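Residue numbering restarts at 1 for every chain, and letters A, B, ... go by the order of the sequence lines. Keep in mind the model is a prediction, meaning the values are calculated, not measured.
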Number of protein chains: 2
Amino acid sequence: MLTKHEEIEKFILNGVIKGNYKPDEKVPSENQLAESFSVSRMTARKALDTLVTKGYLYKIKGKGTYVKDRENRDIIYLDEMIGFTKRVRRTGKVPRTDVKAFELIKPSEDIAARLGITTKDDVYYIERIRNIDNEPVILEVTYMPAYISPDLTIDHVQKSKYDYLRAKGHRIEEMVKEYIPVIPESKVREDLSLDKNMTVFKIELISILEDRSIFEYTKLYYNQNKYRFLQITKNTGKSF
Amino acid sequence: MLTKHEEIEKFILNGVIKGNYKPDEKVPSENQLAESFSVSRMTARKALDTLVTKGYLYKIKGKGTYVKDRENRDIIYLDEMIGFTKRVRRTGKVPRTDVKAFELIKPSEDIAARLGITTKDDVYYIERIRNIDNEPVILEVTYMPAYISPDLTIDHVQKSKYDYLRAKGHRIEEMVKEYIPVIPESKVREDLSLDKNMTVFKIELISILEDRSIFEYTKLYYNQNKYRFLQITKNTGKSF
DNA sequence: GAGTGGTCTAGACCACAAT
DNA sequence: TTGTGGTCTAGACCACTCG
């Protein structure tokens, strides 16, 4: 036995999947749904809100509720993040990196612990937004111990952290990544122009150098409205 | 300017982070919050619901709303899924695989397309739940073309698909994985005993053999209540 | 001005858990 | 019986969009 809002959710979702409601077209308004299902507006609203959170719809205040275009999303390959610029160009699209923050700060206890330093050591705080064809795709928040990268400039950050690292004769030996689904806070939501309460894909990672020092602690937020995130693993001989 | 439900959400979240509300202890009830913040119950409720979706709280009908224990989650390494049983034993915990479904079916058009076969070809439909210490951790839904694995039995599935594959002289050449955050449908929710509207981590993958035929299409749902999902990448020489 | 979504209220009835 | 969360109602006011 479905509840009323589940009934409405099912009805709308069905329409989306079957193509009765096409991408970027309106679904019935909250008032229309309330009337046609003989429920209160709050109940109809709950159904639509759930489908927004699940990523099927998006709302525009004053206008209506629309079907999200999930079919025509482009693909981004996760292991190729390092070569973001090059990879995007290869698809004929235009990449751009916006450096939103580049500061020298004292880390919180949590950050210091992750980087294996103390709260008295300096760290770079870096926020970057990766765009493709002027659309924000990835938000990156990075903490880097200053002692490893003493002469880092905003110019390096505008391009590639890893190019800088290589130029300094360092080499990343290991990366530890954690995969986390989240509903982002408002700051992330604004930077990636996401819908409220939309689930998002997050990776937290630590890069470890050849001497076991930690080069960076980075949080990556991926905008799933326009892109799908894939990874290709080739058999190297022993994994499978 | 925060809305009222955001104000309450912030208050509770703060209490959780600061430790005023301890793991598996109650937060104030909806009625208590409604009174102390001078709002209607629906408004207080919305704040708690949001925190459930975000993974900070869980609710038990008739009892109350509780703080989820996120600190003491164990770690599972993603690339080691193949050796699930062995890896879990190594930590001193007890792994178990429940085969919930093992059937020979005709695939839908969507599934057939993903497997590179027709809707007239047979496929195995397999559902498995991976448990650690009797707690469901991973739900796995697999479609396998029968022509590649003609003599597959439930016994093989109880153990390892990949052991079977090796025994047949095959070898997985490549895996294509897609990472997706989702709010699972009720079936998945029940299998993994998840909270309603809780965001979950999902991987869809295709395994490709040396002759480019597709061995499997698999959907994996990871229960993030009890586990964190990490991946370690070692530098093989050219990736970074 | 009419329609939309965003927020909020003050009730109500229910199923469930604990005492 | 009391308290909890789950669902739902029938209103209300607001900010926004568009004609």
Side-chain angles (χ1 to χ4, degrees), chain A residues 1-12 16 21 24-68 183 185-186 189-190 193-198, chain B residues 1-12 16 21 24-68 183 185-186 189-190 193-198:
Chain A
M1 173 58 182
L2 294 181
T3 62
K4 293 183 184 180
H5 70 259
E6 286 170 334
E7 205 70 65
I8 298 172
E9 184 188 334
K10 190 176 148 193
F11 171 79
I12 297 290
V16 170
Y21 307 122
D24 296 317
E25 281 181 13
K26 280 187 195 180
V27 299
S29 74
E30 296 174 355
N31 283 319
Q32 285 166 3
L33 286 173
E35 179 160 10
S36 63
F37 280 86
S38 301
V39 298
S40 74
R41 190 189 139 208
M42 287 301 276
T43 301
R45 183 176 168 73
K46 179 161 186 173
L48 296 183
D49 280 347
T50 303
L51 290 171
V52 169
T53 305
K54 289 185 177 176
Y56 291 100
L57 304 176
Y58 63 93
K59 291 177 163 192
I60 301 177
K61 194 200 289 192
K63 294 188 75 175
T65 304
Y66 298 81
V67 177
K68 189 175 288 182
I183 293 182
E185 42 182 310
S186 56
R189 207 165 63 223
E190 284 159 25
S193 48
L194 297 169
D195 314 301
K196 196 169 181 182
N197 288 335
M198 161 85 190
Chain B
M1 174 58 184
L2 293 183
T3 63
K4 294 184 183 179
H5 71 260
E6 286 170 334
E7 204 72 64
I8 298 172
E9 185 188 333
K10 189 176 149 193
F11 172 78
I12 296 292
V16 171
Y21 308 123
D24 296 318
E25 282 182 11
K26 280 189 193 179
V27 299
S29 74
E30 296 174 354
N31 283 319
Q32 285 165 1
L33 286 173
E35 178 160 11
S36 63
F37 280 86
S38 301
V39 298
S40 73
R41 191 187 140 211
M42 286 302 276
T43 301
R45 182 175 167 73
K46 179 160 187 174
L48 296 183
D49 280 346
T50 303
L51 290 171
V52 169
T53 306
K54 290 185 177 177
Y56 291 100
L57 304 177
Y58 62 93
K59 291 175 163 193
I60 302 177
K61 194 200 289 193
K63 294 188 73 174
T65 304
Y66 298 82
V67 177
K68 188 174 287 181
I183 292 180
E185 42 183 309
S186 56
R189 209 166 61 221
E190 283 158 24
S193 49
L194 296 169
D195 314 302
K196 196 169 184 184
N197 288 335
M198 161 84 189

Q | Closest listed nucleotide, where the reference is the side chain of H5(B) and the choices are dG6(C), dT4(D), dT7(C) | A | dT7(C)

Q. Can you check whether K46(A) has a side-chain N or O nearer than 4.0 Å to OP1 or OP2 of dT7(D)?
A. yes

Q | Closest-nucleotide ordering on DNA chain D, the 5'-leading residue of S38(A) and K59(B) | A | K59(B)

Q | Phosphate-side-chain proximity, K4(B) and dT7(C), N/O vs OP1/OP2 below 4.0 Å | A | no

Q) Do any side-chain nitrogens or oxygens of S40(B) fall under 4.0 Å of OP1 or OP2 in dA10(C)? A) no

(Q) Using a 4.0 Å heavy-atom cut-off, does K26(B) contact any base of the nucleic acid, only the sugar-phosphate backbone, or nothing at all? (A) nothing

Q.
Measuring only between side-chain heavy atoms, which start at C-beta, is L57(B) closer than 4.5 Å to I12(B)?
A. yes

Q: Using whole Å, report how far CD of E7(A) lies from P of dC8(D).
A: 10 Å

Q: Determine the interplanar angle of the F37(B) and F11(B) rings, folded into 0 to 90°, and report it as parallel if under 30°, tilted if 30 to 60°, perpendicular if over 60°.
A: perpendicular

Q: Would you mind reading off the distance between R41(B) atom CZ and dT9(C) atom P, rounded to a whole angstrom?
A: 14 Å

Q.
Without decimals, in angstroms, what is the distance between L33(A) CG and dT4(C) P?
A. 10 Å

Q: Using whole Å, report how far CG of L2(B) lies from P of dT7(C).
A: 11 Å

Q: For F37(B) and dT9(C), give me the distance from atom CZ to atom P, rounded to whole Å.
A: 12 Å

Q | side-chain N/O T65(B) vs dT4(D) OP1/OP2, d < 4.0 Å | A | no

(Q) Quick check on dT4(C): is either OP1 or OP2 less than 4.0 Å from any side-chain nitrogen or oxygen of Q32(A)? (A) yes

Q.
Rounded to whole Å, how long is the line connecting atom NZ of K61(A) with atom P of dG5(C)?
A. 12 Å

Q) What is the distance, rounded to the nearest whole Å, between atom CE of M1(B) and atom C1' of dC8(C)? A) 12 Å

Q | Y58(A) side chain near D24(A) side chain, heavy-atom distance below 4.5 Å | A | yes

Q) Which nucleotide sits closest to the side chain of K63(B): dA17(C), dC16(C), dG5(C)? A) dA17(C)

Q.
Determine whether I183(B) and T50(A) satisfy the following criterion, side chain to side chain contact (heavy atoms under 4.5 Å, CB included), listing intermediate values before the conclusion.
A. CA-CA 9 Å; I183(B) 292 180; T50(A) 303; over 6 Å; no

(Q) Quick check on dT9(C): is either OP1 or OP2 less than 4.0 Å from any side-chain nitrogen or oxygen of T43(B)? (A) yes

Q: Take atom OH of Y58(B) and atom P of dG6(D), then tell me their distance rounded to the nearest Å.
A: 14 Å

Q | Phosphate OP1/OP2 of dT7(D) contacted by K196(B) side-chain N/O (<4.0 Å) | A | yes

Q | First of L48(A) and M42(A) reached from the 5' end of DNA chain C, by closest nucleotide | A | L48(A)

(Q) Going by salt bridge (Lys or Arg N to Asp or Glu O under 4.0 Å), E30(A) matches just one of K61(A), K46(A), K59(A). Which one? (A) K59(A)

Q) Is there a side-chain polar atom (N or O) of R45(A) under 4.0 Å from OP1 or OP2 of dG5(C)? A) no

Q | Taking every non-hydrogen atom, the tightest pair across L33(B) and A44(B) | A | CB-CB, 3.8 Å

